[in-house]
Amino acid sequence: MARITAGLATSHIPALGAAADHGKASEPYWVPAFEGYDWTREWEASEKPDVVILVYNDHASAFDMRVIPTFAIGCADSFKPADEGWGPRPVPLVEGHADLAWHIAQSLILDEFDMTIINEMDVDHGLTVPLTMIFGQPEAWPCKVIPLAVNVVTYPPPSGNRCWMLGEAIARAVESFPESLNVQIWGTGGMSHQLQGPRAGLINAKWDNRFLDRLEGDTQELRHIAHIEYLREAGSEGIELVMWLIMRGALGARTRTLHRHYHVPASNTAVGHIVLEPVT
Ligand SMILES: [Fe+2]
């Protein structure tokens with residue numbers, strides 16, 4: 001049977017990808033942001049996941065105002081890095097796991113989550129920057145990736161509670177897949193940041209760290225944070241953190257923290273990263 005063995009969350013700041021792509025990760029400004037991922041890179045080398053379910057949001061690369069799926073799952077065999085205005089990032093093709101993705105889509109829809117099924121999609125920094133931060137710059141990504149896109153760009157995004165429930169349903173879907181697979185789930189985006197308006201550049205380290213505290217252990221407080229609190233405390237783009245709750249919901253009642261990293265600033269945002277394992 002397939003199993004979700006671990007979950008992690010990470011910011012997907014585009015400037016981190018640009019720093020890696022242009023050989024700037026060793027410059028003093030970027031070192032503190034990148035070195036928080038060293039532990040995870042080593043850990044992944046021994047964990048060797050077969051598949052990562054990568055929860056992220058598209059930033060007007062694959063979707064725009066014409067089509068806005070709340071939850072979409074990528075069922076294709078592969079996904080190309082998107083051209084976000086400067087050409088595609090120089091990163092490997094993202095290989096999907098169509099059999100598992102279709103199985104999860106079927107399981108979720110019959111479990112009453114109305115997923116959008118995507119068979120052709122380019123993936124932007126929301127998906128490729130986490131792969132770079134966790135796996136570095138290999139010739140090919142070391143595992144298959146199932147993209148799971150969430151609308152957090154256009155109001156209304158899904159509630160944190162709905163995201164948590166989706167995570168629980170994803171765990172049920174994975175556990176019912178007959179092939180033996182080591183599956184991880186990653187939640188990306190966040191933490192506090194605001195890209196526009198008078199509060200542009202907002203970072204709230206205290207609130208971010210409290211959020212990280214509550215991913216650990218067995219508290220379910222995070223699923224009940226209202227949208228208005230994300231907006232007020234974490235800025236207009238802090239709502240991306242609901243995607244972390246899909247990862248957290250998929251890990252079950254209780255988690256243990258294996259690694260945690262927080263650094264400000266990187267570009268005009270906070271960098272947050274945590275690695276969790278389920279406690280059964
Ligand atoms: Fe984002």
Side-chain angles (χ1 to χ4, degrees), residues 8-21 33-34 36-37 52-65 67-74 79 81-86 88-89 91 94 118 121-134 145 147-160 163 166 185-197 199-204 207-208 211-212 225 227 230-231 233-248 261-274:
L8 66 81
T10 176
S11 306
H12 59 215
I13 305 164
L16 290 172
D21 297 345
F34 276 84
Y37 291 83
V52 167
I53 300 168
L54 205 158
V55 182
Y56 77 111
N57 70 287
D58 178 82
H59 305 75
S61 301
F63 311 128
D64 55 28
M65 290 305 284
V67 181
I68 308 171
T70 298
F71 296 121
I73 183 165
F79 306 90
D83 182 347
E84 298 180 63
W86 298 271
R89 289 191 61 215
V91 294
V94 175
I118 305 285
M121 177 168 68
D122 290 352
V123 286
D124 71 12
H125 71 269
L127 185 134
T128 63
V129 166
L131 289 171
T132 299
M133 299 310 288
I134 306 299
V145 175
L148 199 147
V150 180
N151 168 43
V152 288
V153 171
T154 303
Y155 192 83
S159 70
C163 287
L166 177 62
I185 182 162
W186 297 5
T188 76
M191 300 194 82
S192 56
H193 62 305
Q194 173 147 343
L195 303 181
Q196 69 275 304
R199 297 204 308 163
L202 177 145
I203 292 174
N204 186 343
W207 190 89
D208 286 341
F211 190 94
L212 288 166
I225 295 176
H227 285 156
Y230 287 105
L231 186 66
E233 301 295 335
S236 53
E237 277 66 48
I239 190 62
E240 290 188 345
L241 283 166
V242 294
M243 296 185 289
W244 292 29
L245 302 186
I246 297 176
M247 177 279 292
R248 176 63 192 83
H261 168 53
Y262 185 80
H263 173 71
V264 290
S267 179
N268 54 354
T269 83
V271 181
H273 170 46
I274 194 164

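Keep in mind that what you see is a predicted model, and the values were worked out from it rather than measured. Whatever order the structure lists them in is the order used to number ligands and atoms, beginning at 1.
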Quiz item: In Å and rounded to the nearest 0.5 Å, what is the OG1 to CG distance from T128 to D122?
Solution: 11.0 Å
Quiz item: In H59, what N, O or S atom is nearest to the Fe ion (ligand 1), if we give its atom name?
Solution: NE2
Quiz item: Looking at E240, which of its N, O or S atoms is the nearest one to the Fe ion (ligand 1)?
Solution: OE2
Quiz item: Short question: side chain of D208, backbone of M191 - any donor-acceptor pair under 3.5 Å?
Solution: no
Quiz item: Is H12 close enough to the Fe ion (ligand 1) to have an N, O or S atom under 2.8 Å?
Solution: yes
Quiz item: Is there a side-chain contact between F34 and L16 (heavy atoms, below 4.5 Å)?
Solution: yes
Quiz item: Quick one: do the E84 and H125 side chains pair a donor with an acceptor below 3.5 Å?
Solution: yes
